[in-house]
Protein chains: 2
Amino acid sequence: MANLAKVSEATVSRVLNNVGSMKEETRQRVIDAAKVLNYAPSALARNFATSKSGSIGVILPYLPKVNMFSTYFFSEILSGIGSMSREFGYDLLLLFRPMDDVLNYYSQLFHTHKVDALIVLGSKEDPIELEALRRLKEEGRHFCLINQHYDGEGFSEVDATHEKGSYEAVTHLIQQGYKDIAFINGPDEYSNSRERSAGYRRALHDHGLEVNESLLFRGNFGRKSGHAVAPLVYARLNEVDALFASNDRMAIGLQQGLREIGIPWNQLPAMIGFDDSDIAELTTPSLSSVKVPFFHMGELAAENLLSRLRQSSLGLQDHFQIQLPTELMIRESSLRTESKEE
Amino acid sequence: MANLAKVSEATVSRVLNNVGSMKEETRQRVIDAAKVLNYAPSALARNFATSKSGSIGVILPYLPKVNMFSTYFFSEILSGIGSMSREFGYDLLLLFRPMDDVLNYYSQLFHTHKVDALIVLGSKEDPIELEALRRLKEEGRHFCLINQHYDGEGFSEVDATHEKGSYEAVTHLIQQGYKDIAFINGPDEYSNSRERSAGYRRALHDHGLEVNESLLFRGNFGRKSGHAVAPLVYARLNEVDALFASNDRMAIGLQQGLREIGIPWNQLPAMIGFDDSDIAELTTPSLSSVKVPFFHMGELAAENLLSRLRQSSLGLQDHFQIQLPTELMIRESSLRTESKEE
DNA sequence: CGTCTTTATGTACGCGCGTACATTTTCTCA
DNA sequence: TGAGAAAATGTACGCGCGTACATAAAGACG
């Protein structure tokens, strides 16, 4: 390579990285030679020399539990991260959270130089996870959580306005004339479950309604857990006229469950889900939902991380906390007219 | 590290890789020292020294087009690949097919040592793609296609019995008494589209039915393309009593389209989709579908690739071609009784 | 106990880049 | 045209492992 272009290895390196100054003619000579030999520098050696992996890790939940989350959630976020990473010339390393040893795992990903930055998806509050994240922060690593907030920790986060989204959804139901609104929430280990609950309560309160504790149900974000709640809801159907679910999958599971119990199509309670995943418009009636801009959240997480990485000379301690707005998508399931008469 | 354990660097390396012979006492001394110092060898240096990246690349379609495929498809396959890779100690590098320059891209991934093996998803027959794959084969690379077959090329492939699945689905419809079965297929660039078409034709033929060319429609696997076909189907509704779609998303789009046109719920034609994605049981009526074992396909692809990688000393030229069975999942949409009366 | 074999450990070097520094070439302006 | 500055290129070395080979320690056996 260096021979063919009649220059030193160093010059080759400079040309290919566009570093330092060089004569245009030399530059061309090197580029031509590279083309002739179909030469490309070894990413491995380059990464080793610079001690940068050139890739950004994305932590996904422990594999068997991946299905607890909607595939929509991951695919949107991953696409967002992927599109931004590509612009920065980084690759995506997919990492599944190990069953044990999370504590060392996160930290060692950096220590062994497997990743230059980390994006954590599906994180939930538990002592070990928290400690692992704190350690990353102490070590000055570049990492970011998506769709999860840890209070007072100062982690970098990209989140959405779950409380507000929830508030608007419930308000919409109230404005449609519903008063007895059941709420099926996800696990409290997720900050957005807690926020959605808060939004639900605030909406009721602001409109002079009481929270009926017996109308609060708990699922795990899976469709089946929504399905499992159906009998409980059915038992109180006379005191319920609308349902608000903490995600679409539970909403749909619940809808199916109620229908299987035998509630006729046009007597289903009004219903709103959360996430506005692609399945929301597949059901009959189509499901109103609170849209969360997952794709954009992925983009922002990657962008902030990578741009900080680029000028890593600066003090690393500045973190970012971004909250993107949600948007209520009104469909048939929450409207008095269409959904009921058809 | 070496000092603390009072051994040479070489011994440390041997202990951590469990290579060569060593005294048990020394071994412990090294392990203890490693624990004390929280030492882990740099993956980067190790990869460089062995010139192996330790990760396996997964090619996904050009990003904006990812949504053409069902997220179910990717998430299942990725999970399968991921679970097997983890067992082999490999990581997953997510790679989006570039818009241009595919030809060099694939090959250079190996040349620059970014990946040790490649799994290509969403591949479709086009001259450049084919040439890029041929080049990989010439270079003796370890790679594998999932859910796509190239005739007579001798690529490693993990596929499913699409023809048979299609045959069984159509046969089922015929046995339910349907005779005029429209078929909405995906693009012919995908081998499984062609196979599904073949299965459809064979089933009709075996049961003494003619193929009515005016009942063949074409979509692009997206829900909208199914939706777009609805008016065309509607125009011939008197000559159609059942619909077979080449994937679930088109089936559901079609179903929605027909309903929007005003076909009452209980007069929808019978319908069967393909893939058996999670959305098949979300619709009303629930959608019969041909199940494709994507997760297992991902596992097998990774397993075969990685086990060959392990004993890479052998001649690399042996390829594998695996076909997994599909399974017809019968639900409401294809049954005379339930779906029609309810 | 001495020699030969086996086992355990140390030494030295290369993997293929990036880059600080040394050196050469080219340019500038008197 | 020559000295000094700027631009272009070359030289040398390190990044942190794995590993072939050399060497030392431990066993085997007569």
Side-chain angles (χ1 to χ4, degrees), chain A residues 1-34 37-55 89-91 107-116 309-310 312-313, chain B residues 1-34 37-55 89-91 107-116 309-310 312-313:
Chain A
M1 173 62 197
N3 313 332
L4 204 165
K6 290 184 287 188
V7 294
S8 70
E9 288 289 350
T11 303
V12 173
S13 173
R14 275 186 288 253
V15 168
L16 295 182
N17 294 335
N18 199 26
V19 154
S21 51
M22 60 205 90
K23 217 187 293 181
E24 178 56 28
E25 181 218 325
T26 315
R27 173 196 196 66
Q28 268 310 324
R29 202 140 34 88
V30 172
I31 290 179
D32 291 348
L37 300 182
N38 194 15
Y39 168 87
S42 156
L44 231 45
R46 157 182 281 164
N47 292 341
F48 176 59
T50 59
S51 63
K52 288 180 181 179
S53 71
S55 56
Y90 275 77
D91 285 313
S107 174
Q108 292 211 345
L109 286 173
F110 287 94
H111 185 239
T112 66
H113 293 286
K114 263 192 140 35
V115 303
D116 298 337
L309 224 50
R310 185 174 279 173
S312 63
S313 51
Chain B
M1 172 65 198
N3 314 331
L4 204 165
K6 289 183 288 188
V7 294
S8 70
E9 289 288 351
T11 303
V12 173
S13 173
R14 276 186 287 252
V15 169
L16 295 182
N17 295 335
N18 199 26
V19 155
S21 50
M22 60 206 88
K23 215 188 292 180
E24 177 56 27
E25 183 217 324
T26 316
R27 174 197 195 66
Q28 267 309 325
R29 204 141 33 89
V30 171
I31 290 180
D32 291 348
L37 301 182
N38 192 16
Y39 169 87
S42 155
L44 231 45
R46 158 182 280 161
N47 292 341
F48 176 60
T50 58
S51 63
K52 289 181 181 179
S53 72
S55 56
Y90 274 78
D91 286 312
S107 175
Q108 292 211 345
L109 286 172
F110 287 94
H111 184 240
T112 66
H113 294 286
K114 263 193 138 37
V115 303
D116 298 338
L309 225 50
R310 184 174 279 172
S312 62
S313 51

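Just so it is clear, the structure is predicted and the values come from calculations on it, not from any experiment.
- For B:Asn17 and D:dG18, the shortest distance from a side-chain N or O to OP1 or OP2 is below 4.0 Å.
- As a whole-Å value, the separation of A:His111 NE2 from D:dC17 C1' is 13 Å.
- At the heavy-atom level, B:Ser13 lies under 4.0 Å from base atoms of the strands shown.
- Judged as a side chain to side chain contact (heavy atoms under 4.5 Å, CB included), and not counting sequence neighbours, the contacts of B:Ser8 are B:Ala10, B:Thr11.
- Axis deviation across the helix from C:dC1-D:dG30 to C:dA30-D:dT1 amounts to 30°, comparing end segments of five pairs, rounded to 10 degrees.
- Distance B:Asn3 CG to C:dT9 P: 17 Å, rounded to the nearest Å.
- Residues that satisfy the ring pair (Phe, Tyr, Trp, His ring centres under 6.0 Å) test with B:Phe48, not counting sequence neighbours, are A:Phe48.
- The minimum heavy-atom distance linking B:Phe110 with B:Asp116 is given by the pair CE2-O, 3.6 Å.
- The separation between A:Lys52 atom NZ and D:dG16 atom C1' is 18 Å, rounded to whole Å.
- In this model, the phosphate group of C:dC17 is approached by a side-chain N or O of A:Tyr39 to a distance below 4.0 Å at OP1 or OP2.
- The CG atom of B:Leu16 sits 16 Å away from the P atom of D:dG16 (whole-angstrom rounding).
- Among residues two or more places apart in sequence or in another chain, the side chain to side chain donor-acceptor pair (under 3.5 Å) test is passed with B:Ser55 by B:Ser53.
- Here A:Asn17 pairs with A:Ser13, A:Val19, A:Arg46 under the side chain to side chain contact (heavy atoms under 4.5 Å, CB included) rule; sequence neighbours left out.
- Atom CG of A:Asn18 is separated from atom P of C:dT19 by 13 Å (rounded to the nearest Å).
- The two residues A:Arg14 and A:Met22 come nearest to each other via the heavy atoms O-CE, 3.7 Å.
- Residues satisfying the side chain to side chain contact (heavy atoms under 4.5 Å, CB included) test with A:Ala5, not counting sequence neighbours, are A:Val7, A:Arg29, A:Val30, A:Ala33.
- Taking the side chain to side chain contact (heavy atoms under 4.5 Å, CB included) definition, one finds that A:Asn3 meets it with nothing, sequence neighbours left out.
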At under 4.0 Å between heavy atoms, which parts of nucleotides 4-15 of chain D does protein reach? Answer with one letter per nucleotide, 5' to 3': B base, S sugar-phosphate only, - none. ---SBBBB---B

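- Evaluation of the salt bridge (charged side-chain N to carboxylate O under 4.0 Å, His left out) rule for A:Asp91 yields B:Lys114 as partners, not counting sequence neighbours.
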